[in-house]
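This report refers to the structure that appears directly beneath it.
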Amino acid sequence: MEKQKKRKMSLSIINRVAMGMGGAIDSCGRCMKVSLIAINVIIFVGGAFALGIGTWVWVSRSFSSTLMSNNMFIASVGVVVVSGAAMILLSLLGCCGAAKEVKCMLLTYYILVFIIFVVALVGGILQFVFREKVHSTLDREMFASIPYYGVKHEYTKAWDDTQTFLQCCGVRNHNDWNDNVPESCCKEVYPGKRLDCKSSPNPTTMYTDGCLEKTVTFLRENALNVGITAIVMSIIMLLALVFSCGLFVKIE
């Protein structure tokens with residue numbers, strides 16, 4: 001008799017623990033469960049996309065970031081890169097929590113997704129803010145960096161990379177360099193081989209377009225791509241917050 005009581009008590013404790021880890025849910029809860037798993041699959045794919053876009057912009061930033069004292073663009077790109085990586089990891093946690101119906105995992109998932117949601121949203125908004133201000137700030141900063149060409153390595157490399165990549169010369173045109181036109185202003189026949197534009201500067205041997213407008217256009221396009229990616233992923237994470245909260249409530 002005493003053994004039966006102990007056995008029943010043990011089973012009761014096990015059942016309580018099981019109920020705490022995951023319990024039965026109704027049809028509405030099952031719908032939320034499936035929706036949350038589907039949303040997390042989308043978050044995984046979206047996170048990988050955001051990570052890819054952000055990384056590409058980050059890698060190609062060298063020619064522009066050195067010429068800008070305003071680091072809003074680079075900082076916001078970094079935010080999107082980190083958010084993309086975090087979203088990939090969180091999607092796995094969300095799928096596991098939904099599939100196993102573990103309230104503790106869902107609560108942790110909800111808190112972390114909310115943090116990443118806010119961070120990604122701020123990163124996306126900063127990209128649009130930067131997009132509107134880039135022209136006014138980049139103009140004076142590019143002019144201010146010209147005297148450092150050939151003096152400081154980072155500015156020399158930034159200008160050479162900018163003029164080679166965007167096929168431009170100077171801020172508005174080659175006259176900005178006065179008599180010190182860099183070799184990177186000369187047209188490139190093939191990698192490592194350029195025309196001689198110093199002894200005979202003319203439109204056939206050198207780039208005649210200024211770098212300001214081309215750099216602004218390039219940065220605005222990148223900012224738009226990164227900003228839209230961040231905003232779209234924030235919307236998807238908002239849905240994940242709704243479904244995870246609903247599933248958490250539905251689990252008994």
Side-chain angles (χ1 to χ4, degrees), residues 32 35-98 105-138 141 158 161-162 165-166 213-247:
M32 288 184 179
S35 299
L36 182 58
I37 293 174
I39 286 292
N40 277 286
V41 171
I42 296 174
I43 288 178
F44 181 89
V45 175
F49 182 76
L51 181 62
I53 290 289
T55 302
W56 179 81
V57 174
W58 182 273
V59 170
S60 64
R61 82 194 193 283
S62 63
F63 70 85
S64 57
S65 62
T66 305
L67 303 180
M68 293 185 297
S69 61
N70 185 348
N71 291 319
M72 182 189 297
F73 177 68
I74 302 305
S76 53
V77 170
V79 166
V80 173
V81 170
V82 173
S83 297
M87 286 161 58
I88 293 175
L89 297 176
L90 283 177
S91 64
L92 300 177
L93 176 63
C95 284
C96 187
M105 292 179 68
L106 287 174
L107 181 59
T108 303
Y109 170 80
Y110 181 90
I111 294 171
L112 294 176
V113 168
F114 179 77
I115 294 172
I116 300 300
F117 162 75
V118 174
V119 170
L121 186 62
V122 170
I125 293 172
L126 284 178
Q127 288 289 318
F128 287 103
V129 172
F130 168 82
R131 192 170 181 270
E132 297 304 317
K133 293 184 176 181
V134 61
H135 192 285
S136 60
T137 58
L138 191 59
E141 287 162 8
D161 289 348
T162 299
F165 185 81
L166 297 179
E213 294 302 327
K214 286 195 170 186
T215 304
V216 167
T217 299
F218 177 83
L219 291 175
R220 281 180 172 172
E221 288 176 353
N222 280 342
L224 181 64
N225 292 334
V226 175
I228 290 176
T229 300
I231 297 297
V232 169
M233 293 318 301
S234 296
I235 294 172
I236 295 174
M237 283 190 288
L238 184 61
L239 292 175
L241 289 173
V242 173
F243 286 123
S244 61
C245 182
L247 182 58

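Heavy atoms only: backbone and side chains are in, while hydrogens, waters and symmetry mates are out. These numbers come from a predicted model, not from an experiment.
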Closest approach of [X] to [Y] (non-hydrogen atoms, all atoms of both residues):
X: Gly46; Y: Met87; answer: C-CE, 4.3 Å
X: Ala98; Y: Ile37; answer: CB-CG1, 3.8 Å
X: Ile236; Y: Ile39; answer: O-CG2, 3.9 Å
X: Ala50; Y: Gly84; answer: CB-CA, 4.3 Å
X: Thr229; Y: Asn225; answer: OG1-O, 2.8 Å
X: Gly124; Y: Ala230; answer: CA-CB, 3.6 Å

**Request:** Quick one: sort the Phe114 and Tyr110 rings into parallel, tilted or perpendicular, breaks at 30° and 60°.
**Result:** parallel
**Message:** Working note: Ser83 + Met233, criterion side-chain contact (heavy atoms from CB on, under 4.5 Å); need CA distance, chi angles, decisive distance, verdict.
**Reply:** CA-CA 10 Å; Ser83 297; Met233 293 318 301; over 6 Å; no
**Fill in**
Taken to the nearest 0.5 Å, the spacing of Leu238 CG from Phe117 CZ works out to 5.0 Å
**Request:** Mind checking the CD1-CD1 spacing from Ile111 to Ile116? Nearest 0.5 Å is all I need.
**Result:** 13.0 Å
**Asked** If you draw a 6.0 Å radius around CZ in Phe128, do more than 12 non-hydrogen atoms from other residues or ligands fall strictly inside?
**Response** yes
**Prompt:** Taking only residues two or more places apart in sequence, or in another chain, which ones meet Glu221 in a side-chain hydrogen bond (donor to acceptor under 3.5 Å, both in side chains)?
**Reply:** none
**Asked** Should Leu106 and Leu36 be marked as a side-chain contact (heavy atoms from CB on, under 4.5 Å) after you check the CA-CA gap, both sets of side-chain angles, and the distance that decides it?
**Response** CA-CA 10 Å; Leu106 287 174; Leu36 182 58; 3.8 Å; yes
**Item:** side-chain contact (heavy atoms from CB on, under 4.5 Å) between Ile43 and Leu90, worked out
**Value:** CA-CA 9 Å; Ile43 288 178; Leu90 283 177; 5.8 Å; no
**Asked** Do any N or O atoms from the side chain of Ser91 and from the backbone of Ile88 form a donor-acceptor pair under 3.5 angstrom?
**Response** yes
**Asked** Val122 and side-chain contact (heavy atoms from CB on, under 4.5 Å): which partner among Val119, Leu126, Ile125?
**Response** Leu126
